[in-house]
Amino acid sequence: MKNLNELTIKEAGEGLKKKKFTSVELTQACLDRIKARNKEINAFITVCEESALEEAKIADGLIHQGKAGPLTGIPFAVKDAICTAEVRSTASAKILDNYIPPFDATVIGKIRSQGGVLLGKNNCDAFGHGASNENSMYGPVRNPHDLSKVAGGSSGGSAAAVADNMCIYAIAEDTGGSIRQPASFCGVTGFRPSYGRNSRYGIMPMGSSLDTVGPITKTVYDSALVMEQIAGNDRLDATTVNDPVPSYSEEVEGKIKGMRIGIPKEYFELEGLDEEVRKITEQQIAKLKKLGCKIEEVSLPHTKYAIAVYYIIVPSEDSSNLGRMDGIRYGVRQKGKDLYDLYASSRATGFPEEVKRRILIGTYALSAGYYDAYYKKAQTVRTLIKKDFENVFKKVDALITPTSPFPAFGIDEKKDNPLALYMADVMVSPASIAGMPALSVNCGKTAAGLPVGVQIIGPRLGEEAVLKIGDKLYS
Ligand code: GLN
């Protein structure tokens, strides 16, 4: 028998409804696990022990009155770059060490208003910048499968917390892979919706034209369930679409026979693609074929420019978004002899290296004289990358690729080589640039015991196809 904290959302929801256990018991099981494991793994920056148990009590009341929603009474965790009312939200940067938002991000509000139980806030790369969770000012997150390895990033704390059963699921943010890549490294499911599907209101902005928010769960079914609750138009985010939200959880278990699935050849020609990762991905392709999918090779010719485009556009938008972090409007204020000095010392002590690097790159790329050469050119190539996807989705329903070219690497292994870390995003950044939905599903382990994720990418607003195919992969 599973311990309560090991349950999926589906299992926990059924157990609560049938009164096999209470939300207080379920929440306590997660809190006990956090207490036993967080010192080592460092997945949580803030744990809301008291308020979580209070929220669980309220949820038990709702369940008793027959007023439970699908997420009522289920304990969840939230990436610390997402605002949670009355709960400290640092984005893993010391400049926000004392920041307590007075409001919930829209997606979090949707969960909490139906009685979701907030366990705490997850460690991440500061402001979402990174692919290893080593850019956190609260220390790195360790991979629960091998404590000497990174958990991935930027949502490493969320992926590790789900993988280690410290929570039932987590809500995280994905600009250029931050949900999918750590999910792959930690052996769980991570779903990035289409840009505009879920409200970004209350998500600390990074690359605003790429930012999305989505679930990290133990199963694909659970991701569908959470998506159904958090998706939809929001008057507080003008980029959200009006399209009705499909019943993802009803569709996810449907048949995939006859679906056309493309293998983008550029992803498999990549230098540095780990052989074990390739093999595991190929096994999943064979599995889809067996289930009656039509598999064909396709080409996304501009894939090779994705990293260059991403690392111009995102730092540019980052540099503008981070302008508000000045020690005056938010967070920790350092002393200074004048205003400039106050800004400078607040930022110097409140931001880690990578945040400073992004501000510098972005400010440079946006400056007069360089704007046309960098930002404008990157936007032009971005359109070509998007067109590549639109063209292949005329022929196929979804694409299958590895999530990451390699499994989790060692802590400190790439820390001093930012370019090597940027390259870790090579499989996840193209869909982000194009605004497409993408899922990472755990599909096995390497001989050394490290999890490997496989990615399914779908057409814009084609979340159902992605979830349905992902559901059939190994998990
Ligand atoms: N590795 C990416 C970056 O550093 C991930 C960002 C994200 O999705 N938040 O920009």
Side-chain angles (χ1 to χ4, degrees), residues 43-45 76-84 87 89-93 96 99 101 104-111 118 120-133 135-136 141 151-162 167 169-186 188-217 223 226-227 230-231 234 236-237 239-240 310 313-314 317-318 321-322 354-355 358 425 428-429 431-433 435-440:
F44 282 84
I45 290 178
F76 73 116
V78 176
K79 181 176 187 174
D80 217 19
I82 298 177
C83 291
T84 42
V87 176
S89 304
T90 70
S92 296
L96 291 184
Y99 176 56
D104 273 323
T106 297
V107 293
I108 304 303
K110 286 184 178 184
I111 297 171
L118 179 63
K121 302 299 295 289
N122 291 131
N123 199 347
C124 58
D125 285 301
F127 292 107
H129 304 162
S132 67
N133 219 125
N135 296 330
S136 164
V141 176
S154 63
S155 315
S158 305
V162 175
C167 57
Y169 71 101
I171 298 292
E173 165 274 341
D174 187 309
T175 302
S178 280
I179 287 178
R180 291 162 284 160
Q181 189 255 23
S184 168
F185 280 15
C186 292
V188 291
T189 301
F191 186 57
R192 171 199 167 90
S194 310
Y195 183 78
R197 184 45 106 182
N198 295 351
S199 170
R200 289 178 296 117
Y201 180 73
I203 314 302
M204 295 187 198
M206 180 181 158
S208 305
S209 72
L210 291 90
D211 294 346
T212 61
V213 55
I216 295 183
T217 56
S223 277
V226 176
M227 271 301 294
I230 64 175
D234 178 14
L236 298 172
D237 175 1
T239 61
T240 48
Y310 179 89
I313 293 178
V314 171
E317 295 182 5
D318 249 335
N321 279 326
L322 287 163
E354 182 61 23
V355 173
R358 301 225 177 177
D425 301 342
V428 280
S429 62
S432 294
I433 291 170
M436 306 295 172
L439 172 75
S440 179

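Treat the numbers as computed from the prediction; the structure is a model and nothing was measured.
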Chi angles and distances behind the side chain to side chain donor-acceptor pair (under 3.5 Å) call for Asp80, Thr90: CA-CA 6 Å; Asp80 217 19; Thr90 70; 2.5 Å; yes
Tell me whether Lys121 contacts the main-chain N or O of Ile82 through its side chain, where contact means a donor paired with an acceptor under 3.5 Å.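 Present.
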Partner residues of Phe191 under the ring pair (Phe, Tyr, Trp, His ring centres under 6.0 Å) criterion, sequence neighbours left out: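 With sequence neighbours excluded, Phe191 shows a ring pair (Phe, Tyr, Trp, His ring centres under 6.0 Å) to no residue whatsoever.
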Using the ring pair (Phe, Tyr, Trp, His ring centres under 6.0 Å) criterion, which residues pair with Phe76? Sequence neighbours excluded.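 Ring pair (Phe, Tyr, Trp, His ring centres under 6.0 Å) check on Phe76 returns Tyr169.
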Working note: Ser89 + Met204, criterion side chain to side chain contact (heavy atoms under 4.5 Å, CB included); need CA distance, chi angles, decisive distance, verdict. CA-CA 10 Å; Ser89 304; Met204 295 187 198; 3.9 Å; yes
How far does [atom1] of [X] sit from [atom2] of [Y], to the nearest 0.5 angstrom?
{"X": "Ile203", "Y": "Thr106", "atom1": "CD1", "atom2": "OG1", "value": "8.0 Å"}
{"X": "Asp318", "Y": "Thr175", "atom1": "CG", "atom2": "OG1", "value": "8.0 Å"}
{"X": "Arg197", "Y": "Thr240", "atom1": "CZ", "atom2": "OG1", "value": "10.5 Å"}
{"X": "Glu173", "Y": "Lys79", "atom1": "CD", "atom2": "NZ", "value": "3.5 Å"}
{"X": "Cys124", "Y": "Asn133", "atom1": "SG", "atom2": "CG", "value": "6.5 Å"}

Any side-chain heavy atom of Val314 sitting closer than 4.5 Å to one from Arg358?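 When only atoms from C-beta onward are counted, Arg358 and Val314 do touch, with a gap below 4.5 Å.
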Is the shortest heavy-atom distance from the side chain of Val428 to the side chain of Tyr310 under 4.5 Å?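 No, their side chains stay 4.5 Å or more apart.
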Exercise: do Ser92 and Asn123 side chains pair donor with acceptor under 3.5 Å: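 There is such a pair between these side chains.
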Any chance the side chains of Ser155 and Ser178 put a donor and an acceptor closer than 3.5 Å?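 No, Ser178 and Ser155 have no side-chain donor paired with an acceptor closer than 3.5 Å.
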